[in-house]
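A short write-up of the structure that comes next.
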Amino acid sequence: MKMYYLDFSTSNKNKRYQYLFYIYISVLFIFLCENAQAEFIISLRSPEAINDQRESYNSELIALALEKTKSEYGNYTIHNIPPMNTARSIFSLETDVYKNLLVELSYEEELERDKNLTYINFPIHLGIVGYRICFANPRIHESLKSIQSVGDLKKFSIGQGLSWADTKVLRHNGFHVIEIGNYESLFKMTIAGRIDLFCRGANELFNEYLSHKYMGDLHYDQSFAIRYTLPRFYYLNKKNVLAKERIEKGLIAAYKDGSLQKIWLKHFLSGVELANLKKRKIFTIENPLIKSLPKDYNQYFYDPLKN
């Protein structure tokens, strides 16, 4: 077997340094490539409370999008940042304090215009959140059955989270809205009668009912639904161009091959079926926030009244 040795004699000094330099560059290149792949980080919010299940769908959906694009973009890591409400989340996006932070938000033009944000052009919940069914103050539960119009509904107060787009939609349509900073408090205030209605997406209410009924006399109305077009997107800081490109590609690829719909069905179908929308009175109101939004999101919408 032949043995090979480096010649460290003075006459070969330059060749020796050149050889060592090439080894150093090669090792450094491999390290940087592997590290670059490992350092593609996406940040997601942690739930606001133990019973808050809203982020579980997001976590699974983003992981799916990242897997769909792994061969093109490489490895990834999902970091869960501390819990925060919508107002705090928007501030965190604007200041770009977390790497590639994604936050689920209903579309508002001012988020791009005034907050330096952009959105991934895919409606996360396939539009189902635009059908709103409501938790109700126990003392008005029976009287809600006689509601016949949007005007009748305006007699009741509606609780919403701080900085939720729904507040602007409802106020634009003449409703009395009370904003609450804490998600869990919305359930407590409804039970206590401090707000009359707390309206949720048809895909959200039943999971939330099961996880919060321990609080006491928690009721939900079974007679009507409020409908307004409410596309929700993942928002991120405009600086995070690569993250936007990758997640958007991944979500569309997952929709085309049906894997996204499987996750949607797993999380939401039972709740949507229990909402029984076909047998409810549907009161449609306008969403003024989407007037300038291109309507290409419609192609991904699920229509519960036809399915």
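Basis for what follows: all heavy atoms, side chains included, without hydrogens, waters or symmetry-related copies. None of the values given here were measured: they were computed from a predicted structure. In this chain, numbering begins with 1 at the start of the sequence shown.
- Take Asp257 and apply the salt bridge (charged side-chain N to carboxylate O under 4.0 Å, His left out) test, not counting sequence neighbours, and it matches Lys68.
- In this structure, Arg280 is not positioned above the aromatic face of Phe224 in the sense of NZ or CZ being under 6.0 Å from the six-membered ring centre and within 45° of the axis.
- Remark: Glu60 pairs with Lys266 by the salt bridge (charged side-chain N to carboxylate O under 4.0 Å, His left out) rule, at least two apart or across chains.
- The backbone N or O of Ser185 lies less than 3.5 Å from a partner atom in the side chain of Asn182, making a donor-acceptor pair.
- Within the structure, salt bridge (charged side-chain N to carboxylate O under 4.0 Å, His left out) pairs that include any residue of residues 294-305 do not occur (at least two apart or interchain).
- Between Glu112 and Lys115 no salt bridge is recorded (no basic side-chain N to carboxylate O distance below 4.0 Å).
- Ring geometry for Tyr255 against Tyr300 counts as perpendicular: the plane angle is over 60°, on a 0 to 90° scale with 30° as the lower cut.
- A donor-acceptor pair under 3.5 Å is absent between the side-chain atoms of His172 and the main chain of Lys168, judged by distance alone.
- Residues passing the ring-ring contact (aromatic ring centres under 6.0 Å, His included) test with His176: none are found, sequence neighbours excluded.
- Partners of Arg232 by salt bridge (charged side-chain N to carboxylate O under 4.0 Å, His left out), not counting sequence neighbours, listed by chain and number: Glu104, Glu204.
- A salt bridge links Asp166 with Arg132: the closest approach of a Lys/Arg side-chain nitrogen to an acidic carboxylate oxygen falls below 4.0 angstrom.
- Between Tyr302 and Trp264, the ring centre distance stays below 6.0 Å.
- Residue pairs meeting the salt bridge (charged side-chain N to carboxylate O under 4.0 Å, His left out) criterion with at least one member in residues 235-253, sequence neighbours excluded, are Glu72-Lys249.
- Considering Asn287, Ile285, Ile282, Leu277 as possible partners of Arg227, the one that fulfils the side chain to side chain contact (heavy atoms under 4.5 Å, CB included) test is Ile282.
- The aromatic rings of Phe301 and Tyr297 sit tilted relative to each other, their planes meeting at an angle between 30° and 60°.
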